[in-house]
J.: 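Questions regarding the structure given below will be posed in turn.
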Amino acid sequence: GLKIAVIGGGSSYTPELIDGFIKRKEELPVKEIYLVDIKEGEKKLNIVGNLAKRMVEKAGLNTKVVLTLDRKEAIKDADYVITQFRVGGLKARARDENIPLRYNVLGQETTGAGGFAKALRTIPVIMDICKDIEELSSDAWLINFTNPAGLIAETVLRYTNVKAMGLCNVPVNMKNTTARMFGVEPERIKMDFIGLNHLSWAKDIYLDGKDIMKEVIEKNLDDESLNMNNIPNLNWDKDYLNGLNMLPSPYLRYYYMMDEMVQNQIKDVKEGKGTRAEQVMKIEEELFELYNDENLDIKPPQLEKRGGAYYSEAAVSLISAIHNDKKEIHVVNIKNNGAIPNLDNDVVIECNAFVDKTGATPMTIGKMHPIISGLVNHVKAYELLTAEAGITGDYRKALEALYTSPLIPSVTVARKLLDDILEENKEYLPQF
Ligand code: NAD
Ligand code: G6P
Ligand code: MN
Ligand code: MN
């Protein structure tokens, strides 16, 4: 049987993952799931971990669920290490989202300056985890969810020897919502993605092999279903969508509607709604109250209020595809290796990949159209510089990374942001 280690086991998303293992119990024999957290997360770990135990028992699995603060014990001889931790917790996320707003810059947990700060906090921890994997379970696959997931996958694949893939629930969500729009099972929909994590487009969409891009775009103009719970639903420009002839990730609003999105955030804060972190704090409180009920032994539907709902579909089905040598197509964050010719070979992209027991091989995508190639290369440059700054702790590299982001208006603003970020995250930035 398999040993799975989940780093950040106290996450409110853990029932999502357990539900995924339960759904696939016939094909995925899991002997042990180690849920790992740190001292600060111990209370959450216990509540969500006990729910996980009840879920497993109710489903009749003989999987052992172990709750621990000992990361090495969890990683030792693990077959899969899933990372879903948040350094500094939601308090740090609230800072990531609020600091940029001081300068009228986008405050978002994965995109722009907020994602940059989160990356700097995450990199030292993910590097330590990779060191543990290299020493204690060098054959393990690392499946990373920790945001910014593409940038973290880039860092791991560039600076360590760990076998890793980055994952996000956006592609699965885009496919599932499209299927729902057409009233069909998701298996009948094929979506070909191009781009980076949270910077992606569905380039082609087929239903039973028939190209349905035009219909999807027409429906999407009026239909609000192609959205994530964590992203405000501002309407796309019709000329933009029609000309593009691709389906943009909801995250692309932060780039193509930057001014409106920032104004929207500033308005939310002014009106007392707070940033998404502050909204999530409330949802989380509600969730943990539910989880604490000893009669609860399933994944509660209230978890769907979170942006990461259904991520188990991406995670557990991917693990099963590797373990069972399924030769299936999954959307993952891995090295380009020529799939997109007008992007360097050795950078991480988010793309359809052929998955078997040797891992994931990117499917050929072809050249990016000029309408997206500039932005993708630009954001990739920002990601590479951020990864390097996160590893080295070099102030000037960090400044260069930040002003390189297309979401940062000037070097002056970048410097102010960087100084605030470094100051307010001191305890989580040992590298600086
Ligand atoms: P959370 O704040 O609940 O954090 C999860 C757990 O991580 C907490 O229990 C916390 O104590 C723990 N933690 C913090 N530092 C740790 C460390 N050094 N080692 C081990 N555990 C540590 O966060 P969440 O909302 O559950 O999200 C978790 C992560 O998953 C975030 O990074 C988030 O961005 C990411 N996420 C990604 C996707 C995706 O599409 N890739 C989807 C959902 C969430
Ligand atoms: C989406 C993204 C995740 C992101 C999450 C935030 O699903 O794919 O990468 O972290 O939403 O959701 P939250 O509920 O925490 O705002
Ligand atoms: Mn994501
Ligand atoms: Mn096409």
Side-chain angles (χ1 to χ4, degrees), residues 1-6 16-17 19-21 23-30 78-84 133 137-146 149-150 152-154 156-157 160-176 178-179 185-198 200 202-206 209 249 308 310-340 343 345-366:
L2 297 170
K3 176 176 179 182
I4 313 275
V6 182
E16 181 72 46
L17 208 52
D19 189 59
F21 285 116
K23 281 197 185 121
R24 288 189 160 69
K25 62 180 175 187
E26 309 298 341
E27 56 183 82
L28 212 53
V30 179
D79 298 287
Y80 296 89
V81 178
I82 301 172
T83 40
Q84 53 168 34
I133 296 174
S137 57
S138 56
D139 274 340
W141 278 102
L142 170 64
I143 312 283
N144 176 63
F145 268 99
T146 298
I152 298 306
E154 181 73 66
V156 169
L157 290 172
T160 81
N161 294 314
V162 170
K163 302 191 292 183
M165 298 181 207
L167 263 191
C168 174
N169 65 336
V170 168
V172 174
N173 268 47
M174 284 172 69
K175 184 172 161 175
N176 289 349
T178 300
E185 290 301 306
E187 296 71 42
R188 290 172 58 191
I189 301 281
K190 181 172 183 284
M191 266 196 195
D192 296 336
F193 286 91
I194 185 165
L196 312 179
N197 178 240
H198 293 186
S200 70
K203 181 176 166 278
D204 292 297
I205 308 180
Y206 303 97
S249 155
Y310 299 113
Y311 89 85
S312 62
E313 209 33 57
V316 184
S317 67
L318 175 67
I319 290 175
S320 180
I322 300 171
H323 179 70
N324 294 307
D325 198 24
K326 278 193 176 170
K327 307 176 197 329
E328 274 177 354
I329 296 173
H330 288 257
V331 182
V332 292
N333 285 259
I334 49 172
K335 281 198 188 279
N336 177 27
N337 279 334
I340 303 176
L343 191 65
N345 279 342
D346 69 340
V347 302
V348 167
I349 61 172
E350 185 168 281
C351 64
N352 295 47
F354 175 87
V355 178
D356 65 9
K357 67 180 167 207
T358 69
T361 308
M363 318 278 289
T364 304
I365 298 168

J.: Have a look at Ile194 and tell me which of Leu343, Ile340, Asp204 forms a side-chain contact (heavy atoms from CB on, under 4.5 Å) with it.
T.: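 Considering Leu343, Ile340, Asp204, a side-chain contact (heavy atoms from CB on, under 4.5 Å) with Ile194 is found only for Ile340.
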
J.: May I ask you to test the Lys335-Asn345 pair for a side-chain heavy-atom distance under 4.5 Å?
T.: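 Side-chain contact under 4.5 Å: no.
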
J.: Side-chain contact, heavy-atom cut-off 4.5 Å: Ile322 with Val355?
T.: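 A side-chain contact under 4.5 Å exists here.
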
J.: Do Glu16 side-chain atoms and Tyr310 backbone N/O form a donor-acceptor pair below 3.5 Å?
T.: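 At least one qualifying donor-acceptor pair exists.
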
J.: Taking the side chain as every heavy atom from C-beta outward, state whether Glu328 and Ser320 have any pair of such atoms under 4.5 Å apart.
T.: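 A side-chain contact under 4.5 Å is absent here.
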
J.: Is a side-chain donor or acceptor of Lys3 paired with a backbone partner of Asp79 at a separation under 3.5 angstrom?
T.: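 Such a contact is absent between Lys3 side chain and Asp79 backbone.
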
J.: So which atom in Val332 and which in Ala360 form the shortest heavy-atom distance, rounded to 0.1 Å?
T.: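 Scanning both residues completely, I find the closest heavy atoms to be CG2-CB, 3.9 Å.
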
J.: Please report the closest heavy-atom contact between Lys175 and Ile189, naming both atoms and the distance.
T.: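 Taking every non-hydrogen atom into account, CE-O, 3.2 Å.
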
J.: Compare every heavy atom of Thr178 with every heavy atom of Met191, then report the nearest pair and how far apart it is.
T.: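 Of all heavy-atom pairs spanning Met191 and Thr178, the closest is CE-OG1, 2.9 Å.
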
J.: A side-chain contact here means heavy atoms from C-beta on lying under 4.5 Å apart; do Trp141 and Leu318 qualify?
T.: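 Not in contact.
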
J.: Nearest 0.5 Å, what's the CG-NZ distance between Asp139 and Lys163?
T.: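 That separation rounds to 5.0 Å.
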
J.: Going by heavy atoms in the side chains, are Asn336 and Pro362 under 4.5 Å from each other?
T.: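 Answer no - side chains too far apart.
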
J.: Return the minimal non-hydrogen interatomic distance between Ile334 and Ala164, and the atom names on each side.
T.: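 Taking every non-hydrogen atom into account, CG2-O, 4.4 Å.
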
J.: Measuring from Ile349:CD1 to Glu154:CD, what's the distance to the nearest 0.5 Å?
T.: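 Output value for this atom pair is 10.5 Å.
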
J.: With Leu167, which of Asn144, Thr83, Ile82, Ile143 fulfils side-chain contact (heavy atoms from CB on, under 4.5 Å)?
T.: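 Single pass found, and it is Ile143.
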
J.: Looking at every heavy atom in both Asn197 and Cys168, which two are closest together, and how far apart are they?
T.: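 Minimum heavy-atom contact is ND2-CB, 3.2 Å.
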
J.: For the atom pair CE (Met165) and CD1 (Ile319), what is the distance rounded to the nearest 0.5 Å?
T.: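 Rounded to the nearest 0.5 Å, the CE-CD1 separation comes to 9.5 Å.
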
J.: How close do Phe145 and Ala149 get, heavy atom to heavy atom, and via which atoms?
T.: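 Phe145 and Ala149 have their closest heavy atoms at O-CB, 4.0 Å.
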
J.: Would you mind checking if Arg24 and Glu27 are paired as a salt bridge, meaning a charged N to carboxylate O distance below 4.0 Å?
T.: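 Arg24 and Glu27: salt-bridged.
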
J.: Let me confirm one number: the CG-CG distance from Asp346 to Leu157, rounded to the nearest 0.5 Å.
T.: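 Here the interatomic distance stands at 10.5 Å.
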
J.: Under a 4.5 Å cut-off applied to non-hydrogen side-chain atoms, are Phe193 and Glu350 in contact?
T.: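 No, every pair of side-chain atoms sits at 4.5 Å or beyond.
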
J.: Start with the C-alpha distance between Val6 and Gln84, add both sets of side-chain angles, then the distance that settles side-chain contact (heavy atoms from CB on, under 4.5 Å), and finish with yes or no.
T.: CA-CA 7 Å; Val6 182; Gln84 53 168 34; 3.4 Å; yes

J.: Enter the distance from Phe21:CZ to Leu2:CG here, rounded to the nearest 0.5 Å.
T.: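 If I round to the nearest 0.5 Å, the distance is 8.0 Å.
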
J.: With a 4.5 Å heavy-atom cut-off, do Leu17 and Tyr311 have their side chains touching?
T.: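 Yes. Closest side-chain heavy atoms under 4.5 Å.
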
J.: With heavy-atom distances below 4.5 Å as the criterion, would you say the side chains of Ile365 and Asp192 are in contact?
T.: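 No, side chains not in contact.
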
J.: Return yes if some donor-acceptor pair links the side-chain N/O of Asp325 with the main-chain N/O of Lys357 below 3.5 Å, else return no.
T.: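 The answer is yes, because a donor-acceptor pair under 3.5 Å joins these two groups.
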
